[in-house]
Amino acid sequence: MVASGSNRKLFELYRTMRRIRTLEERVGEMFLRGGSAGSMLHLSIGEEGVAGVCATMKEGDSFTTHHRGHGIFLARGGDPTRMLAEIGGKADGYCAGKGGSMHIADMGVGHLGANAIVGGGIPHSVGAALTYKTLGQDAVSVAFFGDGAMQQGLLYESMNMAAIWSLPVVFVCINNQYGMGTRIDRATANTAFDQRARAFGLEGEVVDGTDVEIVNAAAERAMAEARAGKPQFLSMTCYRFHGHARMDKSPYRDDAEETEGRKMDPVLKARNRMIDGDIATASELDSLDEDIGQEMDAALDAAMAGAAPAMDTMFDHVYGADEPRPESVRTKIATVLNEAPR
Amino acid sequence: MVASGSNRKLFELYRTMRRIRTLEERVGEMFLRGGSAGSMLHLSIGEEGVAGVCATMKEGDSFTTHHRGHGIFLARGGDPTRMLAEIGGKADGYCAGKGGSMHIADMGVGHLGANAIVGGGIPHSVGAALTYKTLGQDAVSVAFFGDGAMQQGLLYESMNMAAIWSLPVVFVCINNQYGMGTRIDRATANTAFDQRARAFGLEGEVVDGTDVEIVNAAAERAMAEARAGKPQFLSMTCYRFHGHARMDKSPYRDDAEETEGRKMDPVLKARNRMIDGDIATASELDSLDEDIGQEMDAALDAAMAGAAPAMDTMFDHVYGADEPRPESVRTKIATVLNEAPR
Amino acid sequence: MAGVETTYRDALREALIDAMNEDETIVILGEEVGLYGGAYGVTKGLIDMFGEPRVLDTPISEPAIVGTAVGAAMTGLRPVAEIMYVDFAGMVMDQLGNQSAKIRYMFGGQIGVPMVLRTQGGTGRSAAAQHSQSLESWFAHVPGLRVIMPATVNDAYHLLREAMTKPDPVVFIEHKGLYVRKGEMDKSKPDGVWGEPVKRRDGGDVVLLSYSRMLFETMAAAERLAGEGIEAAVWDVRCLNPCDLSSVYDAVRQTGRAAVITESCVTGGFGAELASRISEHCFDYLEEPVLRIGGEDIPIPVSQELEKNAIPTPDLIAESVAWLVARKAPAWA
Amino acid sequence: MAGVETTYRDALREALIDAMNEDETIVILGEEVGLYGGAYGVTKGLIDMFGEPRVLDTPISEPAIVGTAVGAAMTGLRPVAEIMYVDFAGMVMDQLGNQSAKIRYMFGGQIGVPMVLRTQGGTGRSAAAQHSQSLESWFAHVPGLRVIMPATVNDAYHLLREAMTKPDPVVFIEHKGLYVRKGEMDKSKPDGVWGEPVKRRDGGDVVLLSYSRMLFETMAAAERLAGEGIEAAVWDVRCLNPCDLSSVYDAVRQTGRAAVITESCVTGGFGAELASRISEHCFDYLEEPVLRIGGEDIPIPVSQELEKNAIPTPDLIAESVAWLVARKAPAWA
Ligand SMILES: Cc1ncc(C[n+]2csc(CCOP(=O)(O)OP(=O)(O)O)c2C)c(N)n1
Ligand SMILES: Cc1ncc(C[n+]2csc(CCOP(=O)(O)OP(=O)(O)O)c2C)c(N)n1
Ligand SMILES: [Mg+2]
Ligand SMILES: [Mg+2]
């Protein structure tokens, strides 16, 4: 059945969240099957509530993500096959196998790039917003980052600039309560992050990141304000379901905490709400989930079937077209020894 | 006459402030007479209220300053002759003519160093406080910096660490309302700096930096709290009387503003208060000022009479004693060419 | 159009003005670039001519200045960001080296970062250890960055103009000791080609390779050597990386002798890269080792006297080169 | 006391434990050094053994981590700060290069900064462009810093122990590809002297100079060359700066041939410094130019296949050296 209006909206948000979760599950599978490029893969399971933010972004808006950004990119239109291909370091990945999970990007959908430097991408969104204001474009840039970045000074320099220049930018902190093995209360003495934003002249809000409707409503407000030149900060509280990266078994937190934490499940919460509210039936949702499972299986198979980049592509894209590709070390050595005495 | 108790205190604070002002006037004179090492000399005239903070520090406490730190050092026991000698790049300056005005330091009085990097010295005070806590020493470290450093991310990283580790450190912002030609309201959208400190878990206060008694009372509280493991932030509002450095004529602000600003005179305010309160007579204070003038004249003459460092000292103190001094380029070349064919 | 005499500072300023008039996407951002006119006056008056936001005074937030420029460059602006002293590179190398330089590559060529980072370095003002450095070798070791260090007034104009047309980040390092230096600027005649060195003086006895302010100390040394009957060719590297040195190799193959003169301290400096390349490509022709004449391996002291002698002087250059060529060992040898 | 077989990681860990037991002023601070045990396990269990504050987990605030270590080192502690990846150097070069390295000098010798900055670099984990770099040349260009890069298990122990006794900041760069490598550790017998290279293999035909993980690729190449009748001496630089290379000069004067092998990209890399010094000091004896075999001048790509070939392989080293020595040009030449 699936009604219209706000019901329809919740249904779509659920679909997005389920696709994120299933994609991340496949990423984990890809690693286990030895198909990923390395083990530095950061799953956003438990953070699917970001779908509520992504749904408020329009075409022309841009965003930057951190090392745990698969879900955000998917929600903004990333193609799972090309995403998984890049995560596998394949030639037909979004970045031709050069960037991988931590450097995936797609200018086509305004994805200015994931970043392997905690906080590193934040000022890029400020810069994008500076472009929009300077060229009079009606667009907003959203910087997504984790709670760990709340301890990076660069964030506050970025917020301050956004505030003095009244830039259309939204800072979104995905507070999964951990930075690797460090629980947030061991990383800072004051976790009321909205205070920080206000102290630098922004408007800020902390919301339950596991309730996608709450996140969506807050993001709607924030995006509208940002579009009007009032930079915003939004922190969504959630829980990192799994280890930091694929090798991490989280020995630093006990099972009881994890069991509790995993009850903060944005996907399940939305599913139950739809069933309780007669927005959709369990079987409807089960078949949707199944379709998504098949979509992601197909994507994983297609991605893993892809080829590694040709060796020679290593020298592409170091500089723009006006500059010759760097000489290989082999060529350098050959030149030197050919010049040397016979 | 000069009474005892709080009156005596105000008198001493006045003496310190007058010595700061007169020393800075001599620094300006030294530059005009061509005796200073370069022109990057930053006078703290208008900021003499820091005397109120310095008076609350005990032996064993340490401090770091910024590029405008002459007054702070003098108030903590700096010897004007050796200070001016260093500012002149002379052999008998505090740093043997290697550091100059922006890198003056004296471990003897706990001066961990001035710094030419805006914000650069702040974490050094946090580190000193970490030492005191770790080794169980009853000492506090005070980081002095300007309002410009309020826009340096490093400050917030430092505050955050001080807060989570409950370190005995006091962050003192000397808000003279300018960073070079940029008035503070063009550098940030929210100048209520105490909010920033609280947002990171510190206690913070903004006070009138031109009333040395107010500054002193606030600093007393802050030092006591910090000693008890509660890091503090204090911002003292004042006005930079002169240009940023010796070459700057402040074309970016109009005379009317400067005239108004210079009315915020901490030295004059204390003097008038003492006269109005019958703590001291004008003539007593005039003769005190005269003595100070003679003291600083003598210091300037002695400093300028000093010799430049011996050329060879250039190679000292690059590494500790266990490492040979770096070879000079001359020696390197001589070695190479002596090895080469005759 | 004929050349005019002007200063290095004004040539840079005119390059910015001409480019901003032609290209509306160019914006200047940095500390004191607006009302103050730039710490060394290069952007004086530009905020009146172009207004905000094309000329933006920033807070004292170096990492965010560069990071903001990166994002702006990715989305349609051509930012010219200024870091007041190259000594502050240590605060921005992440945004510069990990972000701006690698974005094109990491993203598989999807996009570049067309920005210019203007900064200045070097000794000469008793500015001490944190305001007097020459750190070009840090940038030259980062693939994806282009590193430019103009010495002449005409290069100041033309290389900055060209930097503002490049599809990649260009680190443009000026020298605080050159701003008031006068020279001829001919907007219609560049000194040479981007990415290649320029010969500033002919000479058949030895090839001297330098850049930025040291070029003039080297020229002065060459004059002195001429008095002793030694003819030194002087080459200006200008574009440190990427850089095609083949013309220099040809010259060295003629003289069999070469020296590299840098203000940056010798150990780990860019002089090692230049000397290595010459040794590799001219090995058969070299009659003597390639000399590295550079700054002392020490922080820069504040005392004028020490500072002056912490870097190569015309005396040191001339005496070293005379020895290299004519085996006239100086007193200190 | 005899040697025991252990891993590079555990040798480093034991060095920290032994030193902390002997010197109460040593504190370890950095991201994940405590509960997590270090991103690569080097500090595993230390927080249980020594507790806080001797082992301090920090927020993700690299500049403040180093800055705090500087202040602590100036006031009586001996901090061992950890920056998880050398790639983050761009965030801390100011506190490291402008502060820790220059304080003794700027303050006229009043005080030093006895701290160790532990970090790790290099390729091998498909960690891509921002987690795979080799940036030692940045540090080696800063007077006042000491730069150490151990390759062997025994050096890992002894050099880290000695680093924790130095009166100045030591940048101690480990390699992510070596942590699980096994070797002998003899606490009573260091491999060699601090500040000097160590010969790892004898050979009269050519001298190969390397350090960190590339040492083992070079050793592998040397074995292969031996099969072709070419005897390569292999020297391990270990202490990059300051460093006394005179023993290497003597060796090169014997062979007349030398190559420098680094993982860092060639242009502006530390290999240029090593090659320049050898060319300067062994000029008369060199029969061939000193070869620089280094990483490609590109960011590190994520694809395993590309990553493997972005740095020197034993194949490349062996083929290049064979050509250098026996004039056997490889297929690609
Ligand atoms: C500047 C920097 N410091 C440290 C790291 C290593 N690191 C990678 S992710 C991470 C934790 C980040 O935590 P958070 O920001 O909360 O993101 P999350 O992993 O929880 O999504 C750390 C310390 C890094 N990549 N960059
Ligand atoms: C990191 C850094 N950025 C820029 C500068 C150049 N600079 C020196 S002082 C100064 C202004 C500092 O203002 P503030 O902190 O308010 O101190 P004040 O000069 O007002 O005492 C600037 C921008 C510097 N020295 N260090
Ligand atoms: Mg987190
Ligand atoms: Mg100020």
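Chain naming here is simple, since letters A, B, ... match the order of the sequence lines and numbering starts at 1 in each. Reckoned from all heavy atoms, side chains included, excluding hydrogens, waters and symmetry mates.
Of the atoms belonging to D:Leu145, it is backbone heavy atoms, and not side-chain ones, that fall under 4.5 Å from chain B. Residue B:Leu155: no heavy atom, backbone or side chain, is found under 4.5 Å from chain D. For B:Met159, no part lies under 4.5 angstrom from a heavy atom of chain D. Only the backbone of B:Asp316 comes within contact range of chain D, judged by heavy atoms closer than 4.5 Å. Both the backbone and the side chain of B:Asp106 come within less than 4.5 Å of a heavy atom in chain D. In this structure, the portions of D:Pro143 lying under 4.5 Å from any heavy atom of chain B include both its backbone and its side chain. For D:Val27, the part lying near chain B is the side chain, with the backbone staying farther off; criterion is any non-hydrogen pair under 4.5 Å. In this structure, chain B has no heavy atom under 4.5 Å from any part of D:Lys102.
Between D:Leu160 and D:Pro150, every side-chain heavy-atom pair lies at or beyond the 4.5 Å cut-off.
Under the 4.0 Å criterion applied to side-chain N and carboxylate O atoms, D:Asp155 and D:Arg161 are not assigned as salt-bridge partners. At a threshold of 4.0 Å, the pair B:Arg76-B:Glu59 does not count as salt-bridged, since none of the basic side-chain nitrogens sits closer than that to a carboxylate oxygen. Classification of B:Glu86 and B:Lys90 as a salt-bridged pair fails, no side-chain N sitting under 4.0 Å from a carboxylate O. A salt bridge between B:Arg198 and B:Glu203 is absent, with no side-chain N of the basic residue lying under 4.0 Å from a carboxylate O of the acidic one. Under the 4.0 Å criterion applied to side-chain N and carboxylate O atoms, B:Asp92 and B:Arg82 are not assigned as salt-bridge partners.
Checked by atom type and distance alone, the side chain of B:Thr64 never pairs as donor or acceptor with a backbone atom of B:Ile122 at under 3.5 Å. Looking only at distances, no side-chain donor or acceptor of D:Asn241 sits under 3.5 Å from a matching main-chain atom of D:Val147. In this structure a side-chain-to-backbone donor-acceptor pair under 3.5 Å is present from D:Asp57 to D:Gly34.
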Intermediate values then yes/no, side-chain hydrogen bond (donor to acceptor under 3.5 Å, both in side chains), D:Tyr285 and D:Gln254: CA-CA 8 Å; D:Tyr285 307 82; D:Gln254 301 301 316; over 6 Å; no
Step-by-step side-chain hydrogen bond (donor to acceptor under 3.5 Å, both in side chains) determination, B:Ser235 to B:Arg196: CA-CA 11 Å; B:Ser235 180; B:Arg196 302 189 188 182; over 6 Å; no
Test log, rule side-chain hydrogen bond (donor to acceptor under 3.5 Å, both in side chains), inputs D:Tyr249 and D:Arg253: CA-CA 6 Å; D:Tyr249 303 149; D:Arg253 288 178 185 130; over 6 Å; no
Derivation of the side-chain hydrogen bond (donor to acceptor under 3.5 Å, both in side chains) call for D:Gln110 and B:His317: CA-CA 9 Å; D:Gln110 284 185 60; B:His317 310 310; over 6 Å; no
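Using a 4.5 Å cut-off between non-hydrogen atoms, the part of residues 72-87 of chain D that approaches chain B consists of D:Ala72, D:Met74, D:Thr75, D:Gly76, D:Leu77. Heavy-atom neighbours of chain D within the stretch residues 128-149 of chain B, taken at a separation under 4.5 angstrom, comprise B:Ala128, B:Leu130, B:Thr131, B:Tyr132, B:Thr134, B:Leu135.
In terms of heavy-atom pairs under 4.5 Å with chain D, the best-connected choice from B:Gly99, B:Gly320, B:Ser62 is B:Gly320. Your options are D:Gly109, D:Pro114, D:Ala101, and the one with the most heavy-atom pairs under 4.5 Å with chain B is D:Gly109. Of the listed residues (D:Ile111, D:Thr25, D:Leu29, D:Asn98), the one with the most heavy-atom contacts under 4.5 Å to chain B is D:Ile111. Comparing D:Thr58, D:Ile103, D:Ile60, D:Val66 by heavy-atom pairs within less than 4.5 Å of chain B, the highest count is held by D:Thr58. Ranked by non-hydrogen atom pairs under 4.5 Å with chain B, the options D:Gly144, D:Pro169, D:Gly195, D:Pro53 are led by D:Gly144.
Counting only N and O atoms by type, the side chains of B:Thr331 and B:Ser328 include a donor and acceptor under 3.5 Å apart. Looking only at atom types and distance, the side chain of B:His70 has a donor-acceptor partner in the side chain of B:Ser101 under 3.5 Å away.
The cationic group of B:Arg325 does not satisfy the cation-pi geometry with B:Phe315, failing either the under 6.0 Å distance to the six-membered ring centre or the 45° limit from the ring axis.
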